[in-house]
Q: 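Dropping a structure here in structure tokens format, bear with me for questions.
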Amino acid sequence: MAEGNRATAKTNFIYSMIRADLNQGILGEMPVHTRFPPEPNGYLHIGHAKAILLNYFIAKDFKGKFNLRFDDTNPIKEEQEFVDSIIEDIRWLGADWEERLFFSSDYFETKYQFALRLIETGYAYVCDLNPDKIREYRGTLTEPGRDSPYRNRPATENLDLFERMRKGEFPNGSRVLRAKIDMTSGNLNMRDPVIYRILHAHHHRTGDKWCIYPMYDFDHPFSDTLEGITHSLCSIEYSDHRPLYDWIVDRALELMPEAIKFRSRQTEFARLSMNYTVMSKRKLRRLVEEKHVDGWDDPRLPTIAGLRRRGVTPEAIVDFQERIGVSRADSTADLALFEHCIRQDLEIKAPRIMAVIDPLKIVITNWPVGKTEMFEMENRPDDEKAGKRQVPFSGTLFIEREDFMEEPPKKFFRLAPGREVRLKGAYIIHCDKVFKDKLGNITELHCTYDPQTRSGSDTSGKKVKGVIHWVAVEHAVYASVNLYDTLFSVENPEEAEEGDFTTLINPDSLRICTNVPIEPSVRAALPGSRFQFLRKGYFYLEPERSTAEKMVFNRIVQLRDSWAKTQK
RNA sequence: UGGGGCGUGGCCAAGCGGCAAGGCACGGGUCUUUGGAAUCCGCAUUCGUAGGUUCGAAUCCUACCGCCCCAGCCA
């Protein structure tokens, strides 16, 4: 999609809605303004990336603004550590909030003033019911609730009580401030929702200044109006909260118009699910805490930190986000689509290099002893500008164990006794002899090369179907390679019972190969760079864990493998 | 038995009364010194089901079915 056309070309329901809003002029002079409102109580995952990028690109496409605002209204669960990691992740994704980094807690005083006005005008009251009683009075899904006995407390008394709540005169849980709406509403959220609670807790930003904290339903819409958020996007489960959102916005417009920049509105969209992984915070936390994975940034996790450590690029995530689309229907994105996006991005970025994951030694018996020949190989097919590199070839080589079969099935184009293959960029070899240990394991192959088949100047006229990669033994650099696969072996681990979902973990989700021979040009690789190991996949030179002595590569994604498919 | 949503091919997703976009996946061909990439072709007579309105319905109406969310002083 051409840049600049996105605002008019995108067909999802949110873009359509914004276009309609613009056409009807309901934004007035306001720019389209979105925000991402994370609670700093955990790590971000790819589902959050969908929301972040959706909000960010809407602002960008409509030449509007995008805010980052931390929803930090519950000091018990929130920590600065998460603020830092969230900022790092969003920045890495490329969503730019410019100078608009905010915290809900920035507005605590204004919110308190707003609450005071709600009380003065009879829209809110202090309720002394304890949590159990509040629940009891709320009724059930099918039965209406009953009015709290404190519902008609005089405003002056409410004001006094609320001010004393702020001063810290009452213990946690003893009283709350409630909006006076409708205890018989079919929507539980409208049955006089609690909007302030007493919490004697240290807040990561405001310290001990407050001992009452606003609830999400009160806080969020009000913060949106203060920031001039025109389109407040959230996930489907908040649909039921929309009437309350509107109620708060309307009260703000009515009682505190001087502080309000816009009559913000909420729009919900379906959150992202993906197969072969879990996204729920509880399950992710268990995986980390029970050490099923190596921390929040384990490359098998769908966390942004995990994807980054695995080597996935932000561009691939953006592409994925664009392709999955946005709607209100529950949906599960296919891992295959994500992998496609990753490959497509790396296909044009990653230089090729040869590495042999599971080495089998071969000896070229007619190769002059001690001779090394250099071959010039392209860093990227289809792109000469990517340059070339020198790759040494000699008489003892490693090839991939799976590229040889003693008794090849039909359609197997690689090496087998008496058969020929081309060693990529070098010569065609013929397999003469197979050596085995006493257990019958193949230990070595003896082959002969055909001098006339030199790559680029082949005069033999030979045509071989198979081309395999290789590494010269005496020139190899040995690295550690982490082969990652899906963390779960079933498509929908999220549907499993919380109690036993860990039994669904894929036992082969990580295979560590500690001595993988790689062609010597890898020595020049910069930490954080990505390569395509020819025929094997895309790999990331992990900067954090690589040392001067040993490079550590993570497999980002495998190449498509139509041979593996035909084998099935 | 309350309220709010959603149902278009295996997975996403356009479509908004004029006769089913696109992507991924899948199947097949071409090309290829990556069984990669590229490229071409195929892939829903049908839109949860049943009725109705209409010359004409995925789109409008009615009923039914299925799935998801809501009873935190979490967000």
Side-chain angles (χ1 to χ4, degrees), chain A residues 11-13 16 37-39 41 71-74 76-78 127 129-131 134-136 138-145 172-178 184-191 193-199 212-213 215-217 219-220 234-243 268 270 275 281 322-341 343-344 347-348 352 354 377 380-382 411-414 421-426 428 453 455-456 458 463-469 491 532-537 559-566:
Chain A
T11 50
N12 72 62
F13 80 102
S16 302
E39 183 187 17
N41 73 340
D71 253 353
D72 56 348
T73 58
N74 185 354
I76 293 167
K77 292 166 66 181
E78 296 149 8
C127 181
L129 256 23
N130 67 34
I134 285 187
R135 189 179 316 120
E136 192 183 315
R138 186 156 36 224
T140 68
L141 292 177
T142 52
E143 301 157 25
N172 289 358
S174 58
R175 278 178 237 268
V176 292
L177 185 67
R178 293 228 252 169
T184 66
S185 171
N187 182 343
L188 290 298
N189 297 119
M190 300 299 269
R191 320 241 264 227
V194 172
I195 57 178
Y196 262 94
R197 79 285 215 185
I198 299 170
L199 237 38
I212 55 172
Y213 291 90
M215 299 287 290
Y216 170 87
D217 283 314
D219 184 277
H220 200 95
C234 61
S235 48
I236 288 287
E237 63 265 34
Y238 289 98
S239 299
D240 285 349
H241 296 246
R242 194 181 339 125
E268 312 86 21
N275 52 16
K281 202 167 265 181
E322 294 282 329
R323 290 185 193 234
I324 53 178
V326 190
S327 76
R328 293 182 61 93
D330 292 343
S331 59
T332 302
D334 197 337
L335 211 216
L337 175 59
F338 187 40
E339 293 190 334
H340 171 83
C341 295
R343 287 189 199 103
Q344 185 142 303
E347 160 70 20
I348 56 169
R352 317 286 124 126
M354 294 195 290
M377 293 182 72
R380 234 142 55 200
D382 314 320
K411 297 270 195 80
F412 183 81
F413 306 144
R414 284 110 95 150
V421 281
R422 174 172 292 282
L423 294 177
K424 172 72 180 176
I428 289 176
T453 59
S455 189
D458 190 329
K463 285 270 188 213
V464 290
K465 206 105 197 252
V467 177
I468 63 175
H469 57 98
E491 260 202 67
Q532 184 195 109
F533 286 0
L534 221 65
R535 304 205 307 134
K536 297 311 293 180
L559 253 33
R560 289 190 61 191
D561 187 350
S562 52
W563 165 240
K565 249 176 256 165
T566 64

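Note on naming: letters A, B, ... go to the chains in the order of the sequence lines (proteins, then strands), and numbering restarts at 1 for each one. Everything quoted here is computed from the prediction, not taken from an experiment.
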Q: Looking at Lys565(A), I'd like to know if its NZ atom is crowded, meaning that more than 12 non-hydrogen atoms belonging to other residues, nucleotides or ligands lie closer than 6.0 Å.
A: yes
Q: Please pick, from A75(B), A14(B), C69(B), the nucleotide with the shortest atom-to-atom distance to any side-chain atom of Thr11(A).
A: A14(B)
Q: Once hydrogens and angles are ignored, does a donor-acceptor distance under 3.5 Å link the base of U34(B) to the side chain of Arg535(A)?
A: no
Q: Taking the same atom, C1', in A14(B) and in G3(B), what whole-Å distance lies between them?
A: 31 Å
Q: Rounding to an integer number of angstrom, what distance separates C43(B) and A21(B) when you compare their P atoms?
A: 11 Å
Q: Considering only atom P, compute the distance from C47(B) to G10(B) and round it to an integer number of Å.
A: 13 Å
Q: Quick check for you: among U34(B), U33(B), G72(B), whose closest atom lies nearest to any side-chain atom of Pro381(A)?
A: U34(B)
Q: Nearest of U33(B), G36(B), A71(B) to any side-chain atom of Val467(A)?
A: U33(B)
Q: Is any N or O donor-acceptor pair between the side chain of Arg414(A) and the base of G35(B) shorter than 3.5 Å?
A: yes
Q: On the nucleotide G22(B), are OP1 or OP2 found under 4.0 Å from the side-chain N or O atoms that Arg323(A) carries?
A: no
Q: Classify the glycosidic conformation of G72(B) as syn or anti, calling it syn when the angle lies within 90° of 0.
A: syn
Q: Of the options A37(B), G23(B), A75(B), whose atoms approach the side-chain atoms of Tyr216(A) most closely?
A: A75(B)
Q: Contact class for Thr332(A) (heavy atom, under 4.0 Å): base, sugar-phosphate, or nothing?
A: sugar-phosphate
Q: Any strand is fair game: report the nucleotide pairing with C73(B) by Watson-Crick or G-U wobble, both distances under 3.5 Å, or none.
A: none
Q: Salt bridge (Lys or Arg N to Asp or Glu O under 4.0 Å) for Glu347(A) and Arg352(A)? Distances and angles first, verdict last.
A: CA-CA 9 Å; Glu347(A) 160 70 20; Arg352(A) 317 286 124 126; 3.8 Å; yes
Q: Which part of the nucleic acid, if any, lies within reach of Gly466(A) when heavy atoms closer than 4.0 Å are counted: base, sugar-phosphate only, or nothing?
A: nothing
Q: With respect to the side chain of Leu337(A), which nucleotide from A75(B), G35(B), C24(B) is positioned closest?
A: C24(B)
Q: Is the Tyr238(A) ring parallel, tilted or perpendicular to the Tyr216(A) ring (thresholds 30°, 60°)?
A: tilted
Q: If we take the C1' atom in both G27(B) and G17(B), what is their distance in whole Å?
A: 36 Å
Q: Heavy atoms under 4.0 Å, any strand shown: does Asp71(A) hit a base, just sugar-phosphate, or nothing?
A: sugar-phosphate
Q: State which residues pass side-chain contact (heavy atoms from CB on, under 4.5 Å) with Lys77(A); sequence neighbours excluded, sorted by chain then number.
A: Glu39(A), Asn41(A), Asn74(A)
Q: Quick one: does Arg191(A)'s side chain have a donor or acceptor within less than 3.5 Å of a partner on Ser185(A)'s backbone?
A: yes
Q: Do any side-chain nitrogens or oxygens of Arg138(A) fall under 4.0 Å of OP1 or OP2 in G2(B)?
A: no
Q: Counting only side-chain heavy atoms from C-beta out, which of C74(B), C73(B), A75(B) sits nearest to Glu78(A)?
A: A75(B)
Q: Rounded to whole Å, please give me the gap between NE2 in His340(A) and P in G23(B).
A: 10 Å
Q: Is there a Watson-Crick or G-U wobble partner for A25(B) with both distances under 3.5 Å, and which nucleotide is it?
A: none
Q: Of the nucleotides C74(B), A14(B), G36(B), which one has an atom closest to the side chain of Ser327(A)?
A: A14(B)
Q: Is the phosphate of U34(B) approached by His469(A) (side-chain N or O, under 4.0 Å from OP1 or OP2)?
A: no
Q: So Arg422(A), base contact, sugar-phosphate only, or nothing? Heavy-atom distance under 4.0 Å.
A: base
Q: Check for a donor-acceptor pair, side chain of Arg422(A) on one end and backbone N or O of Thr453(A) on the other, with a separation under 3.5 Å.
A: yes
Q: Can you check whether Arg197(A) has a side-chain N or O nearer than 4.0 Å to OP1 or OP2 of A75(B)?
A: yes
Q: Side chain of Asn12(A) only, please: which of A14(B), C24(B), C12(B) is the nearest?
A: A14(B)
Q: Nearest-nucleotide wise, let me know which of Glu39(A) and Thr140(A) is further upstream toward the 5' end of RNA chain B.
A: Thr140(A)
Q: Answer yes or no: are there more than 12 heavy-atom neighbours, outside Lys281(A) itself, under 6.0 Å from its atom NZ?
A: yes
Q: Using both distances under 3.5 Å as the test, list the Watson-Crick or G-U wobble partner of U8(B), or none.
A: G15(B)
Q: Which part of the nucleic acid, if any, lies within reach of Met215(A) when heavy atoms closer than 4.0 Å are counted: base, sugar-phosphate only, or nothing?
A: sugar-phosphate
Q: For Arg352(A) and U33(B), is the shortest distance between a side-chain N/O and OP1 or OP2 below 4.0 Å?
A: no
Q: Do any N or O atoms from the side chain of Arg328(A) and from the backbone of Ile236(A) form a donor-acceptor pair under 3.5 angstrom?
A: no
Q: Taking G51(B) as the reference, what is the distance to C65(B) when you measure between their C1' atoms (whole Å, please)?
A: 14 Å
Q: So what does Ile428(A) hit on the nucleic acid, given a heavy-atom distance under 4.0 Å: a base, only sugar-phosphate, or nothing?
A: nothing
Q: Can you check whether any acceptor in the base of G35(B) is under 3.5 Å from a donor in the side chain of Asp561(A), or vice versa?
A: no
Q: Classify the nucleic acid contact of Lys565(A) as base, sugar-phosphate or nothing, counting any heavy atom under 4.0 Å across all strands shown.
A: sugar-phosphate
Q: Which is more 5' along RNA chain B, the nucleotide nearest Thr142(A) or the one nearest Asn189(A)? Just name the residue.
A: Thr142(A)
Q: Under a 3.5 Å limit for both distances, which nucleotide forms a Watson-Crick or G-U wobble pair with A50(B), could you say?
A: U62(B)
Q: Could you check how far CG of Asn187(A) sits from P of C70(B), rounded to whole Å?
A: 13 Å
Q: Please list, pair by pair, any protein nitrogen or oxygen found under 3.5 Å from a nitrogen or oxygen in nucleotides 5-10 of chain B.
A:
from  : atom 1 : to        : atom 2 : distance (Å)
G5(B) : O3'    : Arg328(A) : NE     : 3.4
C6(B) : OP1    : Arg328(A) : NE     : 3.4

Q: Write down the distance separating the C1' atoms in A63(B) and C68(B), rounded off to the nearest Å.
A: 22 Å
Q: Does the U33(B) base have a donor-acceptor partner in the side chain of Ser455(A) within less than 3.5 Å?
A: yes
Q: Taking the P atom of each, how far is G15(B) from U59(B), in whole Å?
A: 15 Å
Q: Once you apply a heavy-atom cut-off of 4.0 Å, does Tyr238(A) come out as touching a base, just sugar-phosphate, or nothing?
A: base
Q: Using modelled atom types and a 3.5 Å cut-off, is there a donor and acceptor pairing between side-chain atoms of Asn187(A) and backbone atoms of Asp240(A)?
A: yes
Q: Which whole number of Å gives the distance between the C1' atom of A38(B) and that of C31(B)?
A: 8 Å
Q: What integer distance in Å separates Asn275(A):CG from C24(B):P?
A: 16 Å
Q: Considering every strand and a 4.0 Å limit on heavy-atom distances, what is the contact class for Ser185(A): base, sugar-phosphate, or nothing?
A: nothing
Q: Just checking Val176(A): base, sugar-phosphate only, or nothing, at a heavy-atom cut-off of under 4.0 Å?
A: base
Q: Base, sugar-phosphate alone, or nothing: which one does Glu237(A) contact when heavy atoms must sit under 4.0 Å apart?
A: sugar-phosphate
Q: Looking for any heavy atom pair under 4.0 Å, which part of the strands does Leu335(A) touch: base, sugar-phosphate only, or nothing?
A: nothing
Q: Give Ile324(A) one of three labels, base, sugar-phosphate or nothing, depending on what nucleic acid heavy atoms sit under 4.0 Å from its own.
A: sugar-phosphate
Q: Name the nucleic acid region contacted by Gln532(A), choosing base, sugar-phosphate or nothing; use a 4.0 angstrom heavy-atom cut-off, strictly under.
A: base
Q: From the list G36(B), C12(B), C70(B), which nucleotide is the closest neighbour of the side chain of Leu141(A)?
A: C70(B)
Q: Using only atom types and a distance under 3.5 Å, with no angle test, would you say the side chain of Asn275(A) pairs donor to acceptor with the backbone of Leu335(A)?
A: yes
